[in-house]
Amino acid sequence: MSTCAALIVAAGRGQRFGGNLPKQYAPLKGERLLRRTLRAFCGHPAINRVVVAIHPDDAGIFAELAQGFPNVTAVNGGATRQDSVRLGLEALSSAAPDLVLIHDGARPMVSARLIASVIEGLRASDGIVPAVAVIDTLKRVSGREIGETVSRDNLVRAQTPQGFRFPIILTAHRALAGEALTDDAAVMERAGHRVATVPGDEANIKVTTMDDLASLTASLSETRIGQGFDVHRFGPGDSVMLCGLKVPHTHGLVGHSDADVALHAATDAILGAFGAGDIGQHFPPSDEKWRGASSDRFLRHAYELLRERGGVLTHLDLTIICERPKVGPHRAAMVSAIARILDVEEHRVSVKATTTEGLGFTGRQEGIAAQAVATVRL
Ligand code: MG
């Protein structure tokens, strides 16, 4: 079986990106881009070793992010991408792998399937480029003026990883050092070698701007839904707590805390959306600490846990089920109260009410039930 190394090019300073850090070190959902890229190659069964060409100024931050990855070596890159690749290939020359995949550090979404497909393509070719279709109409411009429309026929966009037979690409890079070629396939072509394509992957984007990073982050988030349900029985008293508001009534609600049935259902819905157990686990009724506790603390705690996990609340929808007290007159104030507790916009909170037409325990006015559905983005 042939040996295959990966060379990841991460020496650029990312002037198009803005910010203090080069783009390959920007965080993507809590993990630096380059670390995600490394993970794709280090975790691939066909890759034996990984060399990363970095800028000398980034040695510290790179050492930190590469922790825990075996068979990764950093080498100092050069002034241009082409120089960095050549220096990376020289660093691999003593190991002399059969094949090398050369990849942009700022393409963190490279899939195991694409890596395998490039390697597979090298059975029949000395060089392989993943290629995707050109969808938009192409124009040649002069300033803002369109000069001509360029035919898309036979045009593709070249991605990385680009795969090569190692001795051939090393020789080609040595021979063409100092030329300003934008990718390694171009080096091979210039040296007179044939390069073929395999289907690329639209998800394998190169992060170049902050907008790229923002849309990538959004595409990686997932929507989850949690639901909660709670019941409290009526007892002596002259008011009930509902959605953090004191609502006058002929009875109170019985409970260990303030018995705010609506906030309890909401708390369980949020916890449920990210699999964090239930309200009883976080605030055991057996704990004296929570006797008479104001339930806004439960809801806020659940939401803080969600935020710590990188989640945000998209929407919280509550249904209060009772004959009395009438919820309608308090509905707007309830929405405001919950929005305040969670520090979210009011349009993200909905409070509804229904009776059960006199049926069941709520119909007999023995207590109040509440249901909640929380939609969160993780
Ligand atoms: Mg409860």
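Values below: every heavy atom of this structure, side chains too, minus hydrogens, waters and symmetry copies. As the structure lists them, so they are numbered: ligands from 1, and atoms in each ligand from 1.
- Residue Gln227 qualifies as open at atom CD: its count of foreign heavy atoms under 6.0 Å is 12 or below.
- Taking the six-membered ring for Trp and the full ring otherwise, Phe234 and His249 have centroids separated by under 6.0 Å.
- No close placement of the Phe298 and His282 rings is indicated, their centers lying 6.0 Å or farther apart.
- With salt bridges taken as basic N to acidic carboxylate O contacts below 4.0 Å, one links Arg39 and Glu31.
- By the criterion of a separation under 2.8 Å, the protein N/O/S atoms near the Mg ion (ligand 1) amount to Asp230 OD2, His232 NE2, His264 ND1.
- Among Arg81, Gln24, Gln159, the single residue meeting the side chain to side chain donor-acceptor pair (under 3.5 Å) criterion with Asp104 is Arg81.
- In this structure, Arg300 contributes its side chain and Ile341 its backbone to a donor-acceptor pair below 3.5 Å.
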